[in-house]
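Keep in mind that this is a model prediction, so the values were computed, not measured. Each chain gets a letter, A, B and so on, in the order the sequences are listed, and its residues count up from 1.
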There are 2 protein chains.
Amino acid sequence: MVVNSIAGRLSSVGFSTYEAKAYVALLKENPLTAYELAKSSGIPTSKIYEVLTRLTEKKVVSSLGDEGTPRYIPMEADEFIERFRNGMESNLKALREDLSSLPGKAAVSYIWNILDHGYLIEKAHRTILDARKTLLVSIWKEELASLDVFFRRAEEKGVRIAMVHFGVPAVRIGQVYPHPIEETLYKEKGGRGLVIVADSETALMATVYANQRVEGAWSINKGFVTLAEDYIKHDVYIMKVVRRFNKELIEKFGPRYEHMRDVYEDKEIA
Amino acid sequence: MVVNSIAGRLSSVGFSTYEAKAYVALLKENPLTAYELAKSSGIPTSKIYEVLTRLTEKKVVSSLGDEGTPRYIPMEADEFIERFRNGMESNLKALREDLSSLPGKAAVSYIWNILDHGYLIEKAHRTILDARKTLLVSIWKEELASLDVFFRRAEEKGVRIAMVHFGVPAVRIGQVYPHPIEETLYKEKGGRGLVIVADSETALMATVYANQRVEGAWSINKGFVTLAEDYIKHDVYIMKVVRRFNKELIEKFGPRYEHMRDVYEDKEIA
DNA sequence: TATTATTATCTACCATGGTAGTGAATAGCA
DNA sequence: TGCTATTCACTACCATGGTAGATAATAATA
């Protein structure tokens, strides 16, 4: 669904390849007769007429000239785009109402699998922006690079953020707890982890492997969320302890979850 | 391109009819196995699997359950719509850049034909909102009903509006010059006229016939614009003269265009 | 002037890919 | 045996792309 060529983009607004070619060629030079357009666009002259009728019906080109052979002009690109957007916008609005008015029986409280990187980032992005109060994050710099804007925005909204960051943190968002053992971990798991918990309600967790392959899940399932939350809190706890005591002492500590209540209150950057 | 059914709306976001049925059915009740979904949606069981694969690829449904027969859940409608909108938005943005960066040779300064009512209103709407300084309008109540919001918005932006209105004006926008001879004119021309001139730069003129049939044109062609402008100014002039003098006197007046300079400055509502 | 090219418009036909629609084969399982 | 579950095979349709002509009207030229 994501396209990059100009033709691809036009096709996603309902143009066939010929229609796209014709429109683009017309924008480059106009007015043109059908025949001229066929030549300059590379569309077979035999096809140009039906293509032009289609485009005319879509009101993307218009013909001028009553006498003799008609010449064609394109609608200005901006205007066309605006028009399409308006149509789409109202369509989506109606669709939203339609779909939300369905007598849905079940709340979607299941676990949602995430298997590709683009989608992972998108889902993460949405999770971050949906957070109202708190965000617990465990992240590597690669993913943070794609997500820091959203974290900033959340922060501005007053969302409290605690972040375990693997490797040297390039940015400073909320409470950051740098996690030192980057390479070891990567080798061990074969990939980078990403965990985000928003408002203790929704959780996203995933592992990103070398070739951008992703295995992850998103859920509002209570058990899942708690698991993810504890996972991060545990790391935060460890980081704090490491800060304050030497290694010998750490060994005497078990993970004591009572100490984690104040994750958000901790003013020190570890 | 304008659709109203829920299926039609979904199809305009890239769903086939089966995909639409499946998604809607899944929203109503989930999770469901493929087989159950086939039953509740009316899709042939033989087709349900490929449909589900397609939907899964689109990330609109997700399967859960590793052991046994998988169950399917839909993405929440809002999320799906948001996602689609984002994609489309960025697509349109890119498209706008692509298209505007084309080495366009000619300014679109031609006359654009308008043959249907919906498009007429849309074009009028855009013309009104694009106006920066002045709007000269000749309009009947039917069209004004569809357009008054836009006139108000233009007025708020500080656009000066002078309007010849056929029949008793229901709303008051800018300078309104009511035109009395409604029925006579309608019979004579067989339809209602609509003329809009924005900033002396763009003009829209059209006649709307009984069955919503429309014949009209839009242009930035200088001659066309001047014509439309004078047409309205002429009417305004007549209206003013009629106001001030009795009929005998009017006959001695020819249309004197010098008097029209102050159309916008005239503070009286005729 | 006759004839040959070129331009211009339009119809017809075919191949393809995608989807809808139908039927049926297979298999597990209660 | 009947229900669930899954896959195959095949037909039909439609929009699109692609290729060939059928006509005319001009323009070029012998």
Side-chain angles (χ1 to χ4, degrees), chain A residues 1-3 5-26 29-73 84, chain B residues 1-3 5-26 29-58 60-73:
Chain A
M1 194 153 264
V2 180
V3 280
S5 68
I6 198 168
R9 293 214 184 85
L10 279 170
S11 102
S12 78
V13 271
F15 280 56
S16 75
T17 49
Y18 278 178
E19 287 167 355
K21 278 187 191 172
Y23 184 54
V24 168
L26 251 195
E29 186 179 1
N30 66 72
L32 289 179
T33 67
Y35 191 80
E36 289 164 345
L37 177 60
K39 287 300 161 65
S40 77
S41 64
I43 298 168
T45 63
S46 50
K47 282 281 142 149
I48 202 65
Y49 300 94
E50 62 178 279
V51 168
L52 276 172
T53 354
R54 258 142 54 191
L55 287 175
T56 308
E57 276 160 11
K58 281 186 189 157
K59 307 215 188 319
V60 186
V61 308
S62 178
S63 65
L64 51 118
D66 272 335
E67 79 303 328
T69 70
R71 299 179 164 270
Y72 296 87
I73 53 169
F84 182 86
Chain B
M1 194 154 263
V2 180
V3 280
S5 67
I6 198 169
R9 294 215 183 83
L10 279 170
S11 102
S12 77
V13 273
F15 281 55
S16 74
T17 49
Y18 278 175
E19 286 167 355
K21 278 186 192 173
Y23 183 54
V24 169
L26 251 195
E29 187 178 0
N30 65 72
L32 290 178
T33 67
Y35 192 80
E36 289 164 345
L37 177 60
K39 288 302 161 63
S40 77
S41 64
I43 297 167
T45 63
S46 51
K47 282 287 144 119
I48 201 63
Y49 298 95
E50 62 181 275
V51 168
L52 276 172
T53 342
R54 258 142 53 190
L55 287 175
T56 309
E57 277 161 8
K58 282 186 189 157
V60 186
V61 307
S62 178
S63 64
L64 49 119
D66 273 335
E67 80 301 327
T69 70
R71 300 179 165 267
Y72 295 87
I73 55 170

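Between Tyr35(A) atom OH and dT7(C) atom P there is a gap of 5 Å when expressed in whole angstrom units. Between the CG atom of Leu55(B) and the C1' atom of dG18(C) there is a distance of 15 Å, rounded to whole Å. Following rounding to the nearest Å, Ile43(A) (CD1) and dG18(D) (C1') show an atom-to-atom distance of 13 Å. The CG atom of Leu52(B) sits 14 Å away from the P atom of dT19(C) (whole-angstrom rounding). Ile48(B) has its CD1 atom 15 Å from the P atom of dT22(C), to the nearest Å. Look at CZ on Phe15(A): it is 17 Å from C1' on dG17(D), rounded to the nearest Å. As rounded to whole Å, 10 Å separates atom P of dT6(D) from atom CD of Glu36(B). Between Glu50(B) atom CD and dG21(C) atom P there is a gap of 12 Å when expressed in whole angstrom units.
Here the shortest heavy-atom pairing between Leu37(A) and Ala25(A) reads CD1-CB, 3.8 Å. Across all non-hydrogen atoms, the minimal contact from Leu26(A) to Tyr72(A) is CD2-O, 3.4 Å.
At the phosphate of dG18(D), OP1 or OP2 sits under 4.0 Å from a side-chain N or O atom of Tyr18(A). Regarding contacts with the backbone of dG17(D), a side-chain N or O of Arg54(A) is found under 4.0 angstrom from either OP1 or OP2. For Tyr49(B) and dT6(D), the shortest distance from a side-chain N or O to OP1 or OP2 is below 4.0 Å.
Each of Lys47(B) and Ala34(B) was assigned the nucleotide of DNA chain D with the nearest heavy atom; the assignment lying further toward the 5' end belongs to Ala34(B). Comparing Thr45(A) and Val51(B), the nucleotide of DNA chain C nearest to each residue sits closer to the 5' end for Thr45(A).
Of the residues listed (Val51(B), Thr56(B), Leu32(B)), the one engaging Val61(B) in a side chain to side chain contact (heavy atoms under 4.5 Å, CB included) is Thr56(B), and it is the only one.
Backbone-only contact: Thr17(B) has heavy atoms under 4.0 Å from sugar-phosphate atoms and none from a base. Looking at heavy-atom distances under 4.0 Å, Thr33(B) makes contact with sugar-phosphate atoms alone, never a base.
Under the 4.5 Å side-chain criterion, counting only non-hydrogen atoms from C-beta, Val24(B) is in contact with Leu10(B).
With Phe15(B) as the aromatic partner, Lys58(B) meets the cation-pi criteria of under 6.0 angstrom to the ring centre and within 45 degrees of the ring axis.
No N or O donor and acceptor, one from the side chain of Ser46(A) and one from the base of dG18(D), sit under 3.5 Å apart.
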